[in-house]
Amino acid sequence: MSLEQEWAGLTPRDAVALQRKTATAVITEDQLPVVRTVAGVDVGFEDKHTARAAVVVLDAATLEPVDHALARLPVSFPYVPGLLSFRECPVVMRALASLKVTPDLLLCDGQGIAHPRRLGVASHLGVLTGLPSIGVAKSRLLGTHDPVSDRRGAWVPLRDGNEVIGAVLRTRQGVKPLFISPGHRLSLATALEWVMACVTRYRLPETTRWADGLASNRGQRWLDRLK
DNA sequence: GCGACAG
DNA sequence: ATCTTGTCGC
């Protein structure tokens, strides 16, 4: 059965309960294979009723696209901070299912464990797919942190109380930092290494840039670049 | 009760 | 998330 069917009729209250249960399966220790391919995952909205997911698989060494997939699905859950998974996972799972190349690592838009119940979209997708995943968010959902030096690669821990739930990373000088957190099957240190490995000359890693481009309404232009 | 709040 | 080209600045 598809995820959209399994989650049909779920209320925000049910969703929170499901998150608490699912968070139990999240692993934040390194369990990665030799990473040859890295995928960028993102969801855009064609209108208030239709979600579009984009997944782009890049060669981990060259950062060149080797595969991609798109999927569309009616929106079936409202945007509620902390419950983003229930809006985005169904359509993302559809896109992932149509890939020809299964990626070794997922870089998802949004938080990993830097979440009230330690189950942001990246973590949830990691558990659903069983794949290692990283949360790459453009802004903060939870946690506090010290100022980050304006040097490329500089980072400071993101904390919730005494617990380190992620990092605030400067991927480029002169730009707002990114909020990185382990999604599933890897540590924060490894997550930071992979994000920087996917960054070239822009604020966002190449994985995210490709996925963002294809998921947005200007996706056609990016499709043209895919050969 | 008053803010904060991924995309 | 989304409406949107060129332009100012590091």
Side-chain angles (χ1 to χ4, degrees), chain A residues 7 12 15-16 19 22-23 26 40-55 70-93 95 106-128 133-145 148-154 158-161 165-184 188 191 195 201-205 207-222:
Chain A
W7 285 0
V16 169
Q19 286 185 323
T22 309
V26 173
V41 177
D42 190 33
V43 176
F45 294 85
E46 301 181 354
D47 57 64
K48 289 212 167 185
H49 297 300
T50 312
R52 175 166 60 189
V55 180
L70 295 174
R72 340 167 50 234
L73 216 55
V75 172
S76 58
F77 202 88
Y79 170 67
V80 179
L83 299 181
L84 190 61
S85 297
F86 301 91
R87 230 173 124 69
E88 306 196 336
C89 288
V91 69
V92 168
M93 290 303 281
L106 257 35
L107 265 68
C108 314
D109 253 53
Q111 316 292 340
I113 62 170
H115 175 281
R117 291 166 291 282
R118 306 297 184 262
L119 194 80
V121 249
S123 295
H124 209 149
L125 279 172
V127 172
L128 288 172
S133 65
I134 301 173
V136 179
K138 295 181 288 297
S139 61
R140 185 193 68 91
L141 170 63
L142 172 73
T144 58
H145 64 87
V148 197
S149 158
D150 191 29
R151 296 186 308 97
R152 181 195 153 97
L158 177 64
R159 295 192 171 80
D160 180 19
I165 56 177
V168 186
L169 173 69
R170 190 83 65 182
T171 52
R172 221 203 113 157
Q173 72 170 202
V175 300
K176 294 195 306 179
L178 257 29
F179 293 77
I180 310 302
S181 56
H184 187 47
L188 174 58
V195 170
R201 57 184 303 194
Y202 303 95
R203 174 167 87 122
L204 301 175
T207 41
T208 304
R209 296 185 68 238
W210 275 102
D212 272 4
L214 288 184
S216 74
N217 293 313
R218 70 221 181 257
Q220 188 54 49
R221 286 185 247 141
W222 288 78

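A quick note: this is a predicted structure, and the numbers were derived from the prediction, not measured. To find a chain, count down the sequence lines: A is the first, B the second, and so on, and within it residues start at 1.
- Atom pair A:Arg140:CZ and B:dA4:P shows a separation of 10 Å (rounding to whole Å applied).
- Cation-pi contact between A:Arg209 and A:Tyr202: present, with separation from the ring centre below 6.0 Å and deviation from the ring axis of at most 45°.
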Report the C-alpha distance between A:Val43 and A:Asp109 in whole Å, list the side-chain angles of each, state the deciding distance to 0.1 Å, and finish with yes or no for side-chain contact (heavy atoms from CB on, under 4.5 Å). CA-CA 8 Å; A:Val43 176; A:Asp109 253 53; over 6 Å; no
Per-residue pairing states of DNA chain B in dot-bracket (Watson-Crick or G-U under 3.5 Å; . unpaired, | other strand) read .......
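- Heavy-atom minimum distance, A:Leu214 versus A:Arg52: O-NE, 3.7 Å.
- A:Leu158 has its CG atom 12 Å from the P atom of B:dC5, to the nearest Å.
- A:His124 pairs by the ring pair (Phe, Tyr, Trp, His ring centres under 6.0 Å) definition with A:Trp7, A:Phe86, not counting sequence neighbours.
- Between A:Gly183 and A:Val26, the shortest heavy-atom contact is O-CG1, 3.5 Å.
- Within the 4.5 Å cutoff, the side chain of A:Val148 has no heavy atoms near those of the A:Asp150 side chain.
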State the dot-bracket string of DNA chain C. Criteria: Watson-Crick or G-U wobble, both atom distances under 3.5 angstrom; notation: ( ) intrastrand, [ ] crossing earlier pairs, | interstrand, . unpaired. ..........
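- The distance between atom CD of A:Gln111 and atom C1' of B:dA6, rounded to the nearest whole Å, is 5 Å.
- Straight-line distance from the CZ atom of A:Phe77 to the P atom of B:dG7: 17 Å, rounded to whole Å.
- Between the CZ atom of A:Arg218 and the C1' atom of C:dT2 there is a distance of 11 Å, given to the nearest Å.
- One distance of note links CG of A:Leu178 with CZ of A:Arg170; it measures 10.5 Å at 0.5 Å rounding.
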Summarise protein proximity over nucleotides 5-10 of chain C in one line of letters, 5' to 3': B for base, S for sugar-phosphate only, - for none, counting protein heavy atoms closer than 4.0 Å. ------
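- With 3.5 Å as the limit, one finds no donor-acceptor pair spanning the side chains of A:Arg152 and A:Gln173.
- In this structure, the separation between CD1 on A:Ile113 and CG on A:Leu188 is 7.5 Å, given to the nearest 0.5 Å.
- For the segment residues 113-128 of chain A, residues with any heavy atom less than 4.0 angstrom from an atom of DNA chain B are, sorted by number, A:His115, A:Gly120, A:Val121.
- Listed by residue number, A:Gly44, A:Phe45 are the residues of residues 43-54 of chain A with a heavy-atom contact under 4.0 Å to DNA chain C.
- Note: CG (A:Leu107) to P (B:dG7) measures 14 Å, nearest angstrom.
- Distances shown here put every side-chain N or O of A:Asn217 at or beyond 4.0 Å from the OP1 or OP2 atom of C:dT4.
- Expressed to the nearest 0.5 Å, how far OG of A:Ser76 lies from CZ of A:Arg87 amounts to 9.0 Å.
- Among the heavy atoms of the strands lying under 4.0 Å from A:Gly82 is at least one base atom, whether or not backbone atoms are also near.
- Using a 5.5 Å limit on the distance between ring centres and a 30° limit on the angle between planes, the aromatic ring of A:Tyr79 counts as stacked on the six-membered base ring of B:dG7.
- In terms of heavy atoms, A:Ala154 sits closest to A:Ser149 at CB-O, 3.6 Å.
- Of all non-hydrogen atoms in A:Leu142 and A:Leu158, the two that sit nearest each other are O-CD2, 3.5 Å.
- Note: CG (A:Asp212) to C1' (C:dA1) measures 11 Å, nearest angstrom.
- For the residue pair A:Arg201 and A:Arg172, the shortest heavy atom distance occurs at O-NH1, 3.2 Å.
- With values rounded to the nearest 0.5 angstrom, A:Leu119 atom CG is found 10.0 Å from A:His184 atom NE2.
- A salt bridge between A:Arg118 and A:Asp160 is present, with a side-chain N of the basic residue lying under 4.0 Å from a carboxylate O of the acidic one.
- For the atom pair OG of A:Ser216 and CZ of A:Arg221, the computed distance is 7.5 Å after rounding to the nearest 0.5 Å.
- At least one side-chain nitrogen or oxygen of A:Ser139 sits closer than 4.0 Å to the OP1 or OP2 atom of B:dG7.
- If you take NE2 of A:His145 and P of B:dA6, they are 13 Å apart, rounded to a whole angstrom.
- Residues A:Pro116 and A:Leu141 have side chains in contact (heavy-atom distance under 4.5 Å, counting atoms from C-beta outward).
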